[in-house]
Amino acid sequence: MSKKKKGLYFIEQILDYKQYQGQKYYLIKWQGYNNRDCTWEKPEKIPNLPQYISQYEQNVKNLGSNFYYIENDEPPLLEDFIGVPSQQKQSKLQDQVSLLKQELNQVKKQQEEIIQLIQTLPQEKKPQQSNQQQDSENIQDSISELSQKNTEVKLPNEGGFEYGDQLDKIGQAAQIKQTGIKMYYLLWQKRSNGIIPKNRWVNSEYLQKYDIKSLCYYLQKKLQ
């Protein structure tokens with residue numbers, strides 16, 4: 001109930017009682033207001049508390065704990081009133097944290113497998129390494145030339161690693177209920193032609209293929 005600057009409020013009765021972290025709270029029904037305008041108050045804020053508690057206990061005894069229930073006029077929950085997540089919300093948060101931990105463990109496992117695979121590869125001779133380095137430089141030069149000619153070559157409006165775009169950050173994550181697939185919303189850096197690619201939803205496999213470090217960083221940040 002929003003408090004007015006002027007005027008007094010009079011207690012009609014106590015509708016419910018709960019306790020959170022050792023602190024008692026009473027659901028107060030105010031005279032002239034609906035149930036949805038009730039407030040949860042601490043004992044020290046309630047004058048003549050024993051009188052109202054006695055009335056509350058009598059109502060529960062005679063009419064049951066839901067004696068005050070009126071359809072479409074339900075009072076606020078204690079969790080919402082004091083800004084504490086409900087048990088249902090806490091359970092959902094714990095489930096999300098567990099899923100993030102599982103996904104992070106999978107990514108770490110894949111990283112370890114990739115590192116082991118690289119370590120088992122035979123080392124090539126220096127001349128071959130030199131040739132590979134030269135080939136790599138030639139590829140980088142070609143990429144640079146293509147980037148400079150973005151105005152001539154029409155790139156898709158949607159961003160993507162496959163188009164040579166650079167990731168700015170992972171904006172958010174969501175899970176598809178029907179399939180359970182985890183999706184990530186990617187924001188891209190500005191291209192050399194001054195155009196910012198359109199943001200894009202991708203699955204975790206796409207990120208693991210192109211930028212596994214950013215995925216790990218995002219998941220670790222979410223778990224903190």
In short, salt bridge (Lys or Arg N to Asp or Glu O under 4.0 Å) pairs touching residues 98-107 with sequence neighbours left out are Glu103-Lys182
Tracing side-chain contacts under 4.5 Å among Ile, Leu, Val, Met, Phe, Trp and Tyr outward from Tyr217 reaches none
Besides Met183, the hydrophobic cluster formed by Ile, Leu, Val, Met, Phe, Trp and Tyr side chains linked at under 4.5 Å, directly or via other members, contains Ile176, Ile181, Tyr185, Leu187, Trp201
d(Trp40 CH2, Tyr20 OH) to nearest 0.5 Å is 14.0 Å
* Asked: Quick one: are Ile70 and Asn34 in side-chain contact, heavy atoms under 4.5 Å?
  -> no
Residues passing the ring pair (Phe, Tyr, Trp, His ring centres under 6.0 Å) test with Tyr17, sequence neighbours excluded, are Tyr26
Sequence neighbours excluded, the answer for side-chain contact (heavy atoms from CB on, under 4.5 Å) partners of Ile115 is Gln119
Can you give me every donor-acceptor pair (side chain of residues 53-67, partner residue at least two apart or in another chain, under 3.5 Å) with its distance?
unit_1: Asn59; atom_1: ND2; unit_2: Gln13; atom_2: OE1; d: 3.2
unit_1: Asn59; atom_1: ND2; unit_2: Gln55; atom_2: O; d: 3.3
unit_1: Asn62; atom_1: ND2; unit_2: Gln58; atom_2: O; d: 3.3

Sorted by chain and number, sequence neighbours left out, side-chain contact (heavy atoms from CB on, under 4.5 Å) with Pro75 holds for Leu27, Asn35, Cys38, Tyr68
When rounded to the nearest 0.5 Å, the distance separating CD1 of Ile11 from CD of Glu41 is 7.5 Å
**Message:** Do Ser204 and Gln106 have side chains that approach each other closer than 4.5 Å (heavy atoms only, starting at C-beta)?
**Reply:** no
Nearest heavy-atom approach of Gly159 to Arg191 is CA-NH2, 4.2 Å
The reported gap from CG in Leu219 to OH in Tyr184 (rounded to nearest 0.5 angstrom) is 4.5 Å
Taken in chain and number order and not counting sequence neighbours, the residues that satisfy side-chain hydrogen bond (donor to acceptor under 3.5 Å, both in side chains) with Gln189 are none
Sorted by chain and residue number, the ring pair (Phe, Tyr, Trp, His ring centres under 6.0 Å) partners of Tyr206 (sequence neighbours excluded) come out as Phe161, Tyr210
Taken in chain and number order and not counting sequence neighbours, the residues that satisfy salt bridge (charged side-chain N to carboxylate O under 4.0 Å, His left out) with Asp73 are Arg36
Tyr218 meets the side-chain hydrogen bond (donor to acceptor under 3.5 Å, both in side chains) criterion, sequence neighbours left out, with none
One should read off an interatomic distance between Ile114 CD1 and Ile212 CD1, to the nearest 0.5 angstrom, of 5.0 Å
Applied to residues 104-118, the salt bridge (Lys or Arg N to Asp or Glu O under 4.0 Å) test, sequence neighbours excluded, yields none
